[in-house]
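A, B, ... follow the sequence lines: proteins, then strands. Residue 1 opens every chain.
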Protein chains: 2
Amino acid sequence: MKDKKTSPYHHGNLKEELLQTALEMIDKEGLDAITLRELTQRLGTSRTAVYRHFASKEALILGVIEKGYEHLNLLFTPIFEDRTYSVAERFERMGREYLNFAIEHPNLYRLLFGEMYRKEREEICDYKDETQATGLYALIGLLTEAQEEGIIAEVNPLIQAAMVWASIHGLASLLIDGHLMMSDNMEAIYEYSIGVLLKGLQ
Amino acid sequence: MKDKKTSPYHHGNLKEELLQTALEMIDKEGLDAITLRELTQRLGTSRTAVYRHFASKEALILGVIEKGYEHLNLLFTPIFEDRTYSVAERFERMGREYLNFAIEHPNLYRLLFGEMYRKEREEICDYKDETQATGLYALIGLLTEAQEEGIIAEVNPLIQAAMVWASIHGLASLLIDGHLMMSDNMEAIYEYSIGVLLKGLQ
DNA sequence: CATTTAATGTTAACATTGTCAACATATATT
DNA sequence: AATATATGTTGACAATGTTAACATTAAATG
């Protein structure tokens with residue numbers, strides 16, 4: 001019963017491992033593939049062990065979302081702030097990185113930027129949190145920089161950021177959800193989009 | 001048993017009413033709110049009557065999607081083709097109508113343009129179908145017209161259409177999924193976006 | 001019209017899943 | 001050492017999609 005080598009009664013780090021494994025499962029197999037039974041089985045615990053660390057399955061997923069945001073923040077912010085590149089170059093690079101993430105991790109992308117738990121998400125992360133964590137904050141900074149350099153028009157950067165984010169998010173969404181049947185033209189569409197944006201923002 | 005007034009054994013038009021009621025339920029209460037039991041109960045039949053008309057719940061939803069596309073086509077195409085307005089005006093009007101639909105019917109919008117049944121959807125409606133039904137076809141036509149009038153640059157209109165659609169779709173998605181916390185600035189963002197697009201496309 | 005066949009609808013049952021209550025065991029506290 | 005708290009387990013339940021077996025109506029066929 002107390003065979004410590006194979007399965008100690010207390011797992012030790014279950015909460016963190018639940019989050020981590022859930023994130024990996026969602027990433028690889030999609031949100032629908034996650035069942036508490038499957039998840040806990042992979043960690044060698046019983047089905048209901050989850051409820052000692054999370055109020056519900058939903059609460060667990062919300063934890064995964066929070067973790068995902070932190071991950072994204074670490075991924076994107078350095079690109080935005082790398083001053084070895086010009087503003088325009090950073091603009092182009094950030095869009096590419098953002099799209100790459102969406103394409104390589106469509107399930108995670110949908111979880112973070114889709115409707116999932118929209119209502120409940122608002123409680124754990126308000127506007128400022130998400131803005132900061134998803135790089136929208138950094139985007140606003142970049143656009144402000146661009147305004148100072150005279151590259152783009154001096155308009156409320158919040159509105160500019162929303163417009164730019166929407167464009168790239170729309171492209172990512174249509175792509176990973178299978179509505180743009182021109183994945184081969186992907187690169188052409190992206191470059192054209194960045195061009196249209198930079199020109200239109202002037 | 002054969003009280004025709006209250007409940008005839010054969011419903012008569014069950015398939016169509018299933019689609020219609022399912023569409024209304026999805027529209028008002030969201031996709032998750034649909035259960036076969038609830039749906040059939042509203043129509044006064046037993047839970048499994050669905051299976052005489054659809055292979056599965058998924059097949060039913062795919063039918064709803066098809067119905068939704070047809071509906072959208074009827075809604076959008078006239079706007080695209082109303083030549084009493086200039087090309088630029090039509091461009092602006094179509095975007096507004098598109099956004100309005102998304103905001104007024106977020107659940108339907110997500111169903112039609114989200115990931116739902118992405119794989120299976122490809123079987124019932126290939127590129128041409130969706131392109132035509134969602135107005136992308138009309139958008140391409142409008143952009144071609146704009147090119148002929150010299151309003152925008154002569155670039156592959158397919159790529160232009162993808163870029164424009166992505167921008168508006170991104171705006172709609174971020175809005176209805178609660179990621180843009182500036183619904184009050186909505187109108188400003190939209191007008192600015194159209195401006196950026198028209199300028200950038202030149 | 002009578003009979004057969006196909007279409008449509010119903011009931012009973014099952015597997016899966018999230019969740020809760022009651023119980024068990026390990027760790028922390030006093 | 002004794003108690004309390006945290007953590008994990010087992011058994012059960014309700015909801016849901018689905019299937020099989022049966023019932024009833026409409027259509028087809030002679």
Side-chain angles (χ1 to χ4, degrees), chain A residues 1-23 25-26 28-65 107 111 116-117 119-121, chain B residues 1-23 25-26 28-65 107 111 116-117 119-121:
Chain A
M1 277 311 171
K2 39 163 65 183
D3 185 354
K4 286 225 169 189
K5 286 196 180 161
T6 62
S7 61
Y9 193 91
H10 280 129
H11 192 280
N13 195 23
L14 188 53
K15 181 168 186 177
E16 197 51 40
E17 291 199 26
L18 279 170
L19 286 172
Q20 184 62 36
T21 307
L23 190 142
M25 283 182 68
I26 292 176
K28 288 174 195 154
E29 303 161 51
L31 187 65
D32 293 338
I34 273 205
T35 69
L36 294 185
R37 281 163 168 84
E38 177 66 24
L39 174 61
T40 51
Q41 194 174 316
R42 296 196 189 185
L43 291 174
T45 73
S46 70
R47 334 161 198 102
T48 59
V50 181
Y51 291 90
R52 298 300 139 176
H53 302 277
F54 300 94
S56 62
K57 182 185 182 184
E58 181 179 297
L60 169 67
I61 304 294
L62 286 174
V64 173
I65 291 178
N107 295 319
L111 181 70
M116 221 66 75
Y117 305 119
K119 262 285 187 60
E120 300 75 10
R121 186 200 311 248
Chain B
M1 276 315 170
K2 41 163 64 182
D3 185 354
K4 284 224 169 190
K5 286 195 181 161
T6 61
S7 62
Y9 193 92
H10 280 128
H11 192 281
N13 196 23
L14 188 52
K15 182 168 186 176
E16 196 52 39
E17 291 199 25
L18 279 170
L19 286 173
Q20 184 61 35
T21 306
L23 189 141
M25 283 182 70
I26 292 176
K28 288 174 195 155
E29 304 162 50
L31 187 65
D32 292 339
I34 273 205
T35 69
L36 294 186
R37 281 165 169 83
E38 178 66 24
L39 174 63
T40 51
Q41 193 174 316
R42 296 195 188 185
L43 291 175
T45 72
S46 70
R47 324 153 200 105
T48 58
V50 181
Y51 292 91
R52 298 299 139 175
H53 302 277
F54 300 95
S56 62
K57 183 185 182 183
E58 180 178 297
L60 168 67
I61 303 295
L62 286 174
V64 173
I65 291 178
N107 295 320
L111 180 71
M116 222 66 75
Y117 306 119
K119 263 283 187 60
E120 299 75 9
R121 186 199 312 247

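For E17(B) and dG9(C), the CD to C1' distance is 15 Å, given to the nearest whole Å. Distance CG (D32(B)) to C1' (dA15(D)): 14 Å, rounded to an integer number of Å. Between L39(B) atom CG and dT16(D) atom P there is a gap of 12 Å when expressed in whole angstrom units. The CZ-P distance, from F54(B) to dG17(D), rounds to 15 Å in whole Å.
For R52(B), taking side-chain heavy atoms from C-beta onward, the closest of the listed nucleotides dT18(D), dA21(D), dT17(C) is dA21(D). Out of dT10(C), dG17(D), dG8(D), the shortest distance to the side chain of R37(B) is found at dG17(D). Listed nucleotides: dT18(D), dG11(D), dG18(C). Nearest to the side chain of R47(A): dG11(D). The side chain of H53(B) has dT8(C) as its nearest neighbour among dT8(C), dT19(C), dT18(D). Considering only the side chain of T48(A), dG11(D) comes nearest among dG11(D), dG18(C), dT16(D). The side chain of K57(A) sits closest to dG18(C) out of dT8(C), dA12(C), dG18(C).
T21(A) places no side-chain N or O within donor-acceptor distance of the main-chain N or O of L18(A), the cut-off being under 3.5 Å. Not one N or O on the side chain of K57(B) forms a donor-acceptor pair closer than 3.5 Å with the backbone of V50(B). With hydrogens and angles disregarded, a donor-acceptor distance shorter than 3.5 Å links the side chain of R121(A) to the backbone of M116(A).
Looking at heavy atoms from C-beta onward, L111(A) lies out of side-chain contact with L23(A) at the 4.5 angstrom threshold.
Using a 4.0 Å heavy-atom distance criterion, T45(B) is classed as a sugar-phosphate-only contact. If you check every strand for non-hydrogen atoms under 4.0 Å, L43(B) touches nothing. Using a 4.0 Å heavy-atom distance criterion, T35(A) is classed as a sugar-phosphate-only contact.
Using a 4.0 Å cut-off, no side-chain N or O of Y51(B) falls inside it from OP1 or OP2 of dT19(D).
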